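Given the structure is predicted, the values throughout are model-derived calculations rather than measurements. Along the sequence shown, residues are numbered consecutively beginning with 1.
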Amino acid sequence: MGNIIEITDFMASELDVYARRTEAQLRHMDGTENGLFIAESPKAVMRALDAGYEPVSLLVEDRHTEGEARELIARCPGVPVYTAPFDVLARLIGYKLIRGALCAMRRKPLPAVRAVCERARRIAVMENVMNPTNVGAIIRSAAALHMDAVLLTPGCSDPLYRRSVRVSMGTVFQIPWTFLEPEETGGWPEGGMDYLRKLGYRTASMALHDESADIDDRRLREEEKLAVILGSEGYGLTDKTIAASDYTVKIPMSHGVDSLNVAAASAVAFWELGK
């Protein structure tokens with residue numbers, strides 16, 4: 001089944017993509033404009049395939065070639081499938097492989113913001129969220145809790161970084177997303193906020209200000225199109241972003257807690273504002 005290749009040489013160049021290349025270097029591999037990324041776990045890879053991403057090679061724990069990864073391998077005819085026992089793979093890639101499969105895949109060109117927002121009523125906007133774990137978690141919440149699309153400022157971590165893909169459980173391939181590139185939107189926050197308004201959105205910044213509206217404010221639910229903006233882990237949203245927003249929104253806290261992690265806050269916000 002498939003093009004199964006047992007790993008015998010740790011230094012084989014075909015394994016560089018898994019073991020010896022950084023995320024940034026992957027962006028420039030493959031001789032294409034968009035480069036490569038790594039998807040981890042059969043579920044995430046399946047979702048990437050469903051979304052039209054092209055596999056380059058697979059790295060699979062040997063005991064899974066006839067188990068969890070069998071269907072995955074069958075969907076990638078002619079694609080090299082490198083295999084080895086668990087302990088060998090852990091030594092090769094430097095950590096324990098989750099659910100026994102990695103796939104190197106070709107990136108696709110990013111869509112324009114206008115295209116991503118074309119049919120979206122509720123969108124999430126991340127401003128300078130740099131932690132790949134938080135990016136993946138926010139995207140997973142957005143996909144599950146009624147957001148229609150996700151936009152990221154250029155200061156955010158890439159949703160196709162391996163950790164983001166893994167934490168998102170592959171939902172990064174299920175919900176439309178793109179970056180707010182200044183060439184299209186005029187730069188964030190001023191140009192980007194104006195661009196969103198031209199697309200018909202009112203903007204709601206998540207920030208703990210005295211003048212902030214509670215998240216269950218009726219006016220927010222009644223907005224036809226709403227962009228929910230979340231800030232970076234340490235500093236939150238910039239003053240410019242808050243000042244330019246139509247609403248500033250807070251999640252009421254108890255027991256003296258002053259804030260939530262941005263990923264946790266996103267789930268609460270998406271659930272309430274996506275109704």
Side-chain angles (χ1 to χ4, degrees), residues 1-23 25-27 29-30 32 34-108 132-145 157-175 177 263 267:
M1 178 183 65
N3 186 16
I4 306 294
I5 304 168
E6 183 179 355
I7 295 173
T8 57
D9 179 7
F10 270 27
M11 299 309 296
S13 61
E14 295 86 353
L15 302 177
D16 285 352
V17 65
Y18 300 107
R20 290 175 288 274
R21 293 291 181 266
T22 65
E23 299 280 12
Q25 289 171 331
L26 290 174
R27 293 293 302 268
M29 290 187 67
D30 195 44
T32 63
N34 301 300
L36 304 176
F37 70 94
I38 303 294
E40 182 175 345
S41 86
K43 177 178 287 187
V45 178
M46 284 291 198
R47 287 175 172 171
L49 293 172
D50 290 342
Y53 288 90
E54 181 184 354
V56 174
S57 66
L58 289 156
L59 182 65
V60 179
E61 187 181 343
D62 55 3
R63 69 188 180 96
H64 288 311
T65 58
E66 293 294 333
E68 288 191 66
R70 181 182 177 86
E71 182 182 356
L72 173 61
I73 294 170
R75 286 195 59 180
C76 301
V79 173
V81 181
Y82 300 102
T83 69
F86 176 86
D87 59 335
V88 173
L89 293 185
R91 285 164 54 203
L92 174 67
I93 62 177
Y95 65 91
K96 294 180 179 179
L97 187 61
I98 305 298
R99 303 191 69 82
L102 294 173
C103 184
M105 312 190 86
R106 290 190 172 93
R107 289 174 176 263
K108 298 191 293 186
T133 297
N134 283 335
V135 168
I138 291 169
I139 287 176
R140 185 176 182 182
S141 292
L145 301 173
S157 181
D158 192 325
L160 293 184
Y161 279 179
R162 186 184 302 184
R163 184 178 293 275
S164 295
V165 172
R166 182 168 72 243
V167 172
S168 81
M169 292 294 289
T171 55
V172 68
F173 307 118
Q174 295 179 297
I175 186 169
W177 62 269

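- Using a 4.5 Å cut-off on side-chain heavy atoms (C-beta onward), Tyr161 and Thr133 make no contact.
- Nearest approach of Ile139 to Pro159, heavy atoms of both residues: CD1-CB, 3.7 Å.
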task = Evaluate the side-chain contact (heavy atoms from CB on, under 4.5 Å) criterion for residues Val135 and Val172: first the C-alpha distance (whole Å), next the side-chain angles of each, then the deciding distance (0.1 Å), finally the verdict.
result = CA-CA 10 Å; Val135 168; Val172 68; over 6 Å; no
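- Atom CD1 of Ile7 is separated from atom OG1 of Thr83 by 6.5 Å, given to the nearest 0.5 angstrom.
- Minimum interatomic distance between Ala263 and Asn134 (heavy atoms only, all atoms of both residues): CB-OD1, 3.7 Å.
- Ring centroid separation for the pair Tyr82 and Tyr18 does not come in under the 6.0 Å cut-off.
- Here the NZ-CZ distance, from Lys43 to Arg166, works out to 15.0 Å after rounding to the nearest 0.5 Å.
- Minimum heavy-atom separation, Asn3 to Gly78: ND2-O, 4.3 Å.
- The environment of Glu6 atom CD is sparse: at most 12 non-hydrogen atoms of other residues, nucleotides or ligands sit within 6.0 angstrom.
- In this view, Asp16 and Arg20, Arg21 satisfy the salt bridge (Lys or Arg N to Asp or Glu O under 4.0 Å) rule, not counting sequence neighbours.
- Scanning all heavy atoms of the two residues, the minimum distance from Val167 to Gly136 falls at CG1-C, 3.9 Å.
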request  = Evaluate side-chain contact (heavy atoms from CB on, under 4.5 Å) for Val17 paired with Val56, printing each intermediate quantity in order.
outcome  = CA-CA 10 Å; Val17 65; Val56 174; over 6 Å; no
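- The two residues Lys108 and Gly52 have their closest heavy-atom pair at CD-O, 4.0 Å.
- Looking at every heavy atom in both residues, Ala48 comes nearest to Met105 through CB-SD, 3.5 Å.
- Of the possible polar contacts, one joining the Arg47 side chain to the Met169 backbone as a donor-acceptor pair under 3.5 Å is found.
- Other residues, nucleotides and ligands contribute more than 12 heavy atoms inside 6.0 Å of the CZ atom of Arg75.
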query = Between Leu36 and Arg106, is a side-chain contact (heavy atoms from CB on, under 4.5 Å) present by the stated rule, with each step listed?
reply = CA-CA 5 Å; Leu36 304 176; Arg106 290 190 172 93; 3.8 Å; yes
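- Ser164 places a side-chain N or O within donor-acceptor distance of the main-chain N or O of Pro132, the cut-off being under 3.5 Å.
- Between Leu72 atom CG and Leu49 atom CG the span is 6.5 Å, to the nearest 0.5 Å.
- Distance check, rounded to the nearest 0.5 Å: CG of Leu59 to CG of Leu15 gives 7.0 Å.
- In this structure, CD1 on Ile38 lies 14.5 Å from CZ on Arg163, to the nearest 0.5 angstrom.
- Applying the side chain to side chain contact (heavy atoms under 4.5 Å, CB included) test to Ala44 and every residue at least two apart in sequence or in another chain returns Ser41, Val165.
- Rounded to the nearest 0.5 angstrom, Trp177 CH2 and Thr171 OG1 are separated by 12.0 Å.
- Without hydrogens or angle criteria, Thr65 side chain to Asp62 main chain gives a donor-acceptor distance under 3.5 Å.
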task = Go through the steps to decide whether Asp158 and Glu23 satisfy the test side-chain contact (heavy atoms from CB on, under 4.5 Å), and finish with yes or no.
result = CA-CA 9 Å; Asp158 192 325; Glu23 299 280 12; over 6 Å; no
